[in-house]
J.: 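Next up is a structure, given as structure tokens.
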Amino acid sequence: MSGIDELGYDTKAIRLGYKPGVSNSHSIAPPIGLSTTFEQDDPSTNKGHVYIRHSNPTRELLEKGIALLEEAKHCVCFASGSCAIGAITKLLNTGDHIILSEVMYGGTYLYTKEVLANLGITTTYVDATDSKNVEKAIQAKTRLVLLETPANPTLDVIDIAKVADIVHKRKNTLFALDNTFLTSYFQKPLSLGADIVIYSLTKYMNGHSDVCMGSLCFNDDSLLPRFRFLQDDAGLGPSPFDCYLVHRGLKTLPVRMRQHMVNGLKVAQFLESHPFVEKVMHPLLPSHPQHEVAKRQTTGHSGMVAFYVRGGFRETSDVLQALKLFSLAVSLGGVESLAIAPNKMNHASAPEEEWARIGFTDNLVRLSVGIENVEDLIKDLDQALNFAASRV
């Protein structure tokens, strides 16, 4: 075949643009470039790399691989997903305005409240499931629209193409979208009109709960030197060893995502049938409010499921503490199954009444369904729900 761009996603994920012949060892697995500094022939000429923070072979290989899967011109990796989001906001100036989804990762919410506000950057939070709300929120100084879809933790879905059309009617306004929950395997936001795609590579892209990293993917050449400067001079870049681990994780991304989808949907269907469950949020269920949007802009869904226990925090706590296979732990996207109570754990940074208004109530549970035997997972959820129900 003529080029790697023409290959299928699974083949791209295995190859990731790496050829064994490019390393002196001809190794099938790419070598890890741990050196902090690189030899030069003369003071004014380098051989591609100078210092580990500026660039290094392992990070370069990972960035090229992620860009390949995303069908993007550029990818820049950072030490965490939060660093990646911070890098975008560093493009802004005092007095600028950001529009964000009211349903978002708690760390992003806290960053906008505690950091950006002190820098004179204003924010407006909207229900982005209705694109008209985004349009109404635009101001003269709006420079960034930053959204998640599916959103964390309630799995709200926004119409990416509609929002992109609204944003692109304006000059000097960027549309950045967090695609962590789906990855490029199920959703390609750039092709739908987003300017920047955000990842917490910590999650599905790495897939093994052992790396903290983030990335930005984009096509605009003018953004590359600005993000490279932040990656380098602000010291936001990841280590070579972590880059190696994410690169290795990407090789199994397609097969993992397919199994996450199968398991997650079966778990969601089971939960929807259980009498101690009030409501289930999963974009592939016909009951999801944005089911048709999800079908139109994605090719599937990951292992993320949200549901509401019948009762309050006591009943929810009983369910979570009775689980045996699902670990009570924050984060998501690993091969193992996790469960959390969002408003008491990773979304505990906002006033309770503010979260409750948008569905972050005491009876909300978010699951990251892993790739274990799904029958075992369903049995675990069943016994935990039945235990909690028996205590009412």
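Throughout, numbering of the chain's residues begins at 1 and tracks the sequence. Since the structure is predicted, the reported quantities are computational estimates derived from the model, not experimental observations.
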J.: Out of curiosity, Arg170 CZ to Phe175 CZ, how far, rounded to the nearest 0.5 Å?
T.: 14.5 Å

J.: Can Thr112 and Tyr125 be counted as having a side-chain donor-acceptor contact under 3.5 angstrom?
T.: yes

J.: Taking Arg228 first and then Glu63, would you say they form a salt bridge - that is, a charged N and a carboxylate O separated by under 4.0 Å?
T.: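 Salt bridge: yes.
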
J.: Are Leu147 and Met304 joined in one hydrophobic group, where the rule is that I, L, V, M, F, W and Y side chains link up if heavy atoms are under 4.5 Å apart?
T.: no

J.: Against Asp159, only a single residue in Lys132, Lys295, Arg296 fulfils salt bridge (Lys or Arg N to Asp or Glu O under 4.0 Å); can you say which?
T.: Arg296

J.: Going through the checks in order, is the side chain to side chain contact (heavy atoms under 4.5 Å, CB included) test met by Thr252 and His208?
T.: CA-CA 11 Å; Thr252 60; His208 293 81; 4.2 Å; yes

J.: For Phe218 and Phe227, I'd like to know if the aromatic rings sit close, meaning centre-to-centre distance below 6.0 Å.
T.: yes

J.: Does a donor on one side chain sit under 3.5 Å from an acceptor on the other, for His274 and Asn386?
T.: yes

J.: What distance do Leu201 atom CG and Cys75 atom SG have between them, rounded to the nearest 0.5 Å?
T.: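 Rounded to the nearest 0.5 Å, the CG-SG separation comes to 7.0 Å.
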
J.: Would you check if there is a donor-acceptor pair between the side chains of Arg59 and Gln231 at a distance under 3.5 Å?
T.: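 There is such a pair (donor and acceptor under 3.5 Å, judged by atom type) between the side chains of Gln231 and Arg59.
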
J.: Kindly compute the distance separating NZ (Lys141) from CG (Asn172), expressed to the nearest 0.5 Å.
T.: 9.5 Å

J.: Say whether Gln40 and Thr45, considering side chains only, have a donor N or O and an acceptor N or O under 3.5 Å apart.
T.: no

J.: Is it true that the side chains of Ser184 and Tyr9 contain a donor and an acceptor less than 3.5 Å apart?
T.: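 Their side chains do contain a donor-acceptor pair, which is all the 3.5 Å distance test asks for.
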
J.: For the residue pair Arg258 and Tyr185, confirm or rule out a side-chain donor-acceptor distance under 3.5 Å.
T.: yes

J.: Does a salt bridge link Asp376 with Lys324, judged by any charged N lying under 4.0 Å from a carboxylate O?
T.: no

J.: Is a donor from one side chain sitting under 3.5 angstrom from an acceptor on the other, for Glu60 and Asn56?
T.: no

J.: Checking side-chain polar atoms at under 3.5 Å, does Arg248 have a donor or acceptor matched by the opposite partner on Asn206?
T.: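 Note: Arg248 and Asn206 side chains miss the donor-acceptor criterion.
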
J.: First locate atom CD1 of Ile198, then atom CD1 of Ile85, and finally report the distance between them rounded to the nearest 0.5 Å.
T.: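 So the gap between those two atoms works out to 5.0 Å.
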
J.: Would you check if the side chain of Gln383 reaches a backbone N or O of Asp380 as a donor-acceptor pair within less than 3.5 Å?
T.: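 Such a contact is found between Gln383 side chain and Asp380 backbone.
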
J.: Identify whether the distance between the nearest side-chain nitrogen and carboxylate oxygen of Arg314 and Asp318 falls below 4.0 Å.
T.: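 Yes, charged N to carboxylate O under 4.0 Å.
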
J.: Verify the distance criterion only: is there a donor paired with an acceptor across the side chains of His97 and Thr124 at less than 3.5 Å?
T.: yes

J.: Is the gap between the ring centers of His49 and His54 under 6.0 Å?
T.: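 No.
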
J.: Are His247 and Tyr244 close enough that their ring centres sit under 6.0 Å apart?
T.: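 Aromatic pair excluded; centres sit 6.0 Å or further apart.
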
J.: Give me the atom names and distance for the closest heavy-atom approach of Leu253 to Tyr204.
T.: CD1-O, 3.6 Å

J.: Within the distance-only criterion (no hydrogens, no angle test), does the side chain of Glu70 pair as donor or acceptor with the backbone N or O of Ala72 below 3.5 angstrom?
T.: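 Looks like no, no N/O pair under 3.5 Å.
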
J.: Taking atom types as modelled, find out whether Thr89 and Tyr111 have a side-chain donor-acceptor pair closer than 3.5 angstrom.
T.: yes

J.: Considering the options Thr298, Thr299, Asn179, which one meets the side-chain hydrogen bond (donor to acceptor under 3.5 Å, both in side chains) requirement together with Gln187?
T.: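 The single option meeting the side-chain hydrogen bond (donor to acceptor under 3.5 Å, both in side chains) with Gln187 is Asn179.
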
J.: We want to know whether His260 and Ser302 form a side-chain donor-acceptor pair, criterion being a heavy-atom distance below 3.5 angstrom.
T.: no

